[in-house]
Amino acid sequence: MLLVFLGPPGAGKGTQAARLSTKYGIPQVSTGDMLREAVAAETEVGLRAKSIMDSGQLVDDDTLAELVRDRLAQADADGGAILDGYPRNTAQATTLDEILSDADSRRVDRVLFLEVAEDVLVDRLSKRRACPGCNANFHLRFNPPSDGVHCDRCGTELIQREDDREAVVRDRLGVYRDSTEPLVDFYSERGLLARIDGEGDIDEVWDRVDATVRQ
Ligand code: ADP
Ligand code: ADP
Ligand code: ZN
């Protein structure tokens, strides 16, 4: 099962992808997490990506293609994967098809499009806290860590992402509209798109996501 989460920054892609991953035992492949790990490890990719990510722009397609190709070739992705944050433009979507058909003629099974109004997104992103240890996501109001400061899963101190500051959030929403939103039509034309109302609390959205995948 190869699922793709599509939606603006803050829509809940990471949150819902993690739940699907647990339920179906297939890996969540978050290109944002992979790039942040590369930045932290100061790899060649990380050094190249850091300033681009901090400004909310997209890292180049070739770098992403290589990351995703290598990740999907790992054994734990034999039974599929849940892509969270890739593809982010039509060129990447075309590349994804190539990567998948090169690998045992796999293909995208379903695209889960989380729809959330812009004011809700800003609210979610401004209070998001991320775990640099295990990539878990929290929200100070909607999904707070028990002690307010540390990750409930691994105990690492939570951070606010550099790109979750308000000025960068606005730029990211612009990048989403210009580059990523065209994928709604791209996948809709291919009959793969499932529109899911992403508003409401995390459990409500999960019920919709789960019901869509079980269809
Ligand atoms: P969001 O919470 O907005 O969905 P991500 O964690 O997915 O953010 O991505 C953070 C940043 O990493 C992006 O703003 C971009 O710079 C980079 N990035 C992640 N995925 C991609 C991709 N598929 N193509 C280009 N850049 C990406
Ligand atoms: P994305 O991966 O699409 O950028 P996240 O899953 O990281 O989005 O969610 C963004 C922020 O909003 C996080 O702080 C998360 O805890 C919170 N969040 C996710 N889903 C919901 C929801 N349905 N209601 C309220 N807050 C949510
Ligand atoms: Zn953690």
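All ligand and atom numbering here is 1-based and tracks the order in the structure. Numbering of residues begins at 1 and proceeds along the displayed sequence. Source: prediction; values computed, not measured.
Within the 4.0 Å heavy-atom cutoff, Gly7 does not count among the residues contacting ligand 2.
A salt bridge is defined here as a Lys NZ or Arg NE, NH1 or NH2 lying under 4.0 Å from an Asp or Glu carboxylate O, and Asp123 with Arg141 meets this definition. One finds no salt bridge joining Arg165 and Asp54 here, because no Lys/Arg side-chain nitrogen approaches an Asp/Glu carboxylate oxygen to under 4.0 Å. Classification of Arg172 and Asp164 as a salt-bridged pair holds, one side-chain N sitting under 4.0 Å from a carboxylate O. The existence of a salt bridge linking Arg107 and Asp97 is excluded, since no basic side-chain nitrogen approaches an acidic carboxylate oxygen closer than 4.0 Å. The pair Arg48-Asp60 meets the salt-bridge criterion, with a side-chain N (NZ, NE, NH1 or NH2) lying under 4.0 Å from an Asp/Glu carboxylate O.
Looking at Leu58 against ligand 1, both its backbone and its side chain come within 4.0 Å, counting heavy atoms. Only side-chain heavy atoms of Val205 come within less than 4.0 Å of ligand 2; its backbone N, CA, C and O stay farther off. Heavy atoms of Phe5 found under 4.0 angstrom from ligand 2: none, in either backbone or side chain. Residue contacts with ligand 1, taken as heavy atom pairs separated by less than 4.0 Å, involve Arg128 solely via side-chain atoms from C-beta onward. Contact annotation: for Arg161 versus ligand 1, heavy atoms closer than 4.0 Å belong to the side chain alone. At a 4.0 Å heavy-atom cut-off, ligand 1 touches Val59 through backbone and side chain alike.
Near Leu64, the atoms of ligand 1 lying under 4.0 angstrom from a non-hydrogen atom of the residue are 21 (C), 22 (C), 23 (N), 24 (N), 25 (C). When each atom of ligand 1 is checked for a heavy atom of Arg36 under 4.0 Å away, the hits are 6 (O), 10 (C). Of all atoms in ligand 1, listed by their number and element, those nearer than 4.0 Å to a heavy atom of Arg172 are 1 (P), 2 (O), 3 (O), 8 (O). Residue Thr31 approaches ligand 1 through these ligand atoms, each under 4.0 Å from one of its heavy atoms: 19 (C), 20 (N), 21 (C), 23 (N).
In this structure, atom 16 (O) of ligand 1 lies nearest to the protein heavy atom Gln57 O, 2.6 Å. Counting only heavy atoms of the protein, atom 23 (N) of ligand 1 lies nearest to Gly85 O, 2.9 Å. For atom 8 (O) of ligand 2, the nearest non-hydrogen atom of the protein is Gly12 N, 3.1 Å. Here the heavy atom of the protein found nearest to atom 18 (N) of ligand 1 is Leu35 CD1, 3.4 Å.
Judged by distance alone, with hydrogens and angles left aside, the side-chain atoms of Arg190 form no donor-acceptor pair with the main-chain N or O of Asp185 at under 3.5 Å.
Considering only heavy atoms from C-beta on, Ser21 stays 4.5 Å or farther from Ile26 through its side chain.
Of the listed residues (Ile202, Leu121, Thr15), the one carrying the non-hydrogen atom nearest atom 9 (O) of ligand 2 is Thr15. The heavy atom nearest to atom 5 (P) of ligand 1, considering only Gln92, Arg88, Lys13, Met53, is found in Arg88.
In this structure, Glu66 places its CD atom where only 12 or fewer heavy-atom neighbours from other residues, nucleotides or ligands lie under 6.0 Å away.
Close N/O approach between Asp84 and ligand 1 is not found [any backbone or side-chain N/O within under 3.5 Å]. For a threshold of 3.5 Å applied to N or O pairs, the pair formed by Leu125 and ligand 2 contains no separation below that value.
Residue Ser30 holds its OG atom at 8.5 Å from CD of Glu37, rounded to the nearest 0.5 Å.
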